[in-house]
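Here's the structure we're looking at; comments come further down.
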Amino acid sequence: AFPSGYEDYHDFAELTSALEQAAADHAGLAELDSVGSSVEGRDLWLMSITQAPAGSPEVLFTCQLHAREHLTREMCLHIVDRFTDEYGSDPAVTELVDSRIIRVIPSVNPDGAEYDHASGGFRGWRKNRQGQGTDLNRNWGHQWGCCGGSSGSPSSDTYRGSSAFSAIENQHVRDYVESRVVGGTQRITAHIDFHTYSELILWPYGYTYSDTAPGLTAQDAAAFEALGTRMADTNGYTPQQISDLYIADGGMNDWMWGAHGIYSFTFEMYPRSGGLNGFYPGDEVIDRETARNDEAVDLLLSYADCVPRVIGASC
Ligand code: 0X9
Ligand code: ZN
C-alpha cells in the first residue's frame, strides 16, 4: 500500500488486481497480457481494448517510465477504466473502441515505483533498479547518448545505461512495438508517454534544438505542432517541442518517431510547478487530473487513422 494520504494510488499488487478485474469484467472487450518481466521479475502489463476490425489503427499509451511519477500509473488505469466501463453508454468512447485498438502499458518501471514508496515514505526515485539504475527515458536507441542530453555516470539520475536498450524494461517495450510491424507496416500510429510534472505537451525531437532533422520534415513537425496544440487547448497544458524544455537524448518519443514513424507525444501532468513535492500530490487530485486528459486522449485516438489530416495533409 501507499503511505497515508496516498491510499488511492495503486501499488503493484493493487495495479495487478485492478487490471485482472477489468479484464474479467470485460471479457471480449479488454485483454490483459504481459510484454515481459522487469529486472526484479514484475510483469510489464499490457491491456488491449477494442471492438474494431483487425488491422484498425492502434494507439499506445505508456506510463511510469519514471518511478516516482505515480500519478501517471493512475492515468493509464483511468484510460483502461473509461474505455471499458463506458463502452456502450458513452457515445465518444463507443465510437473510438469500435474503430481503434487501444493499448495501455500502465507501468514500464514497476521495480522503481515499488522501491520509491515501499519504506512507508517516498524516496524520490526516478530510474529502474538495474545496478545503480538506468533512466528509462535516456536509454532508447535513436541518437542514444548523442548530444549531451543524458549522463554516462551510473550514479546520475539521467544515466543512459551502458548501451542503447541496456535496460531490460525498454527491451521488452521495444520488442512489443517492433512486433506491431505487420506486413511491413507499423500498426501503431500514435502514442502518449505520460510523465509528471509541469503541465506540458511535448513532441520530438529531444536530441536536437532543430525543428526539422533527418526523418522529421517540416510537414511532420507541423502535424506534431498542430495536434499537440489542439490537445493542449483541451487540458490547458503548454505545447512545445521537447528540446524547447531541454536537450534530452535517448528519449522514448525520439525512438518511436525516428525508428517507427509513430506520432509520439510526452504529457507532463499536474502540477505546473514545484520541487520534489511536485511528484507527490495527494490522492485527492487523481480523479480530476486524470479526467482532465480525456478530451486530449480522444482527440489523439480520433486522428490515429492519419495524423497529418490535422493539417489537411493526406496519408
Ligand atoms: O526528462 C525527461 O525525461 C522528461 N521530463 S521528467 O521530468 N518527467 O523527467 C521529459 C521527456 C521529454 N521526452 C523525450 N525526451 N522523449
Ligand atoms: Zn518523467
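Read the numbers this way: they start at 1 and go in the same order the structure lists the ligands and their atoms.
- No side-chain N or O of H195 forms a donor-acceptor pair with one of E268 less than 3.5 Å apart.
- The N, O or S atom of H66 lying closest to the Zn ion (ligand 2) is ND1.
- Classified by interplanar angle (parallel below 30°, tilted 30° to 60°, perpendicular above 60°), the ring pair F267/F194 is perpendicular.
- With a heavy-atom cut-off of 4.0 Å, Y246 touches ligand 1 through its side chain alone.
- Residue contacts with ligand 1, taken as heavy atom pairs separated by less than 4.0 Å, involve I242 solely via side-chain atoms from C-beta onward.
- Of the N and O atoms on the side chains of W45 and S107, not one donor lies less than 3.5 Å from an acceptor on the other residue.
- If you number the atoms of ligand 1 from 1 as listed, the ones under 4.0 Å from a heavy atom of N253 come out as 13 (N), 14 (C), 16 (N).
- Residues D287 and H78 have side chains that never bring a donor and an acceptor to within less than 3.5 angstrom of each other.
- Of all the heavy atoms of T196, the ones lying under 4.0 Å from any atom of ligand 1 belong exclusively to the backbone.
- The M252 neighbourhood of ligand 1 comprises atoms 16 (N), with distances under 4.0 Å to a heavy atom of that residue.
- The N137 neighbourhood of ligand 1 comprises atoms 2 (C), 3 (O), 11 (C), 13 (N), 14 (C), with distances under 4.0 Å to a heavy atom of that residue.
- Ligand 1 places these atoms under 4.0 Å from at least one heavy atom of T266: 13 (N).
- Contacts between E69 and ligand 1, counted as non-hydrogen atom pairs separated by less than 4.0 Å, involve the side chain only.
- When the heavy atoms of H195, E268, R126 are ranked by distance to atom 9 (O) of ligand 1, first place goes to R126.
- Between F122 and the choices F279, Y9, Y280, Y115, the ring-ring contact (aromatic ring centres under 6.0 Å, His included) rule is met once, by Y280.
- Taking backbone and side chain together, E69 holds an N, O or S atom under 2.8 Å from the Zn ion (ligand 2).
- Checked against the 6.0 Å centroid threshold, W255 and H260 count as a close aromatic pair.
- Between the side chains of Y87 and D98, at least one donor N or O lies within less than 3.5 Å of an accepting N or O.
- Two rings, from H117 and Y6, have their centers 6.0 Å or more apart.
- Take the N/O/S atoms of H195: the one nearest the Zn ion (ligand 2) is ND1.
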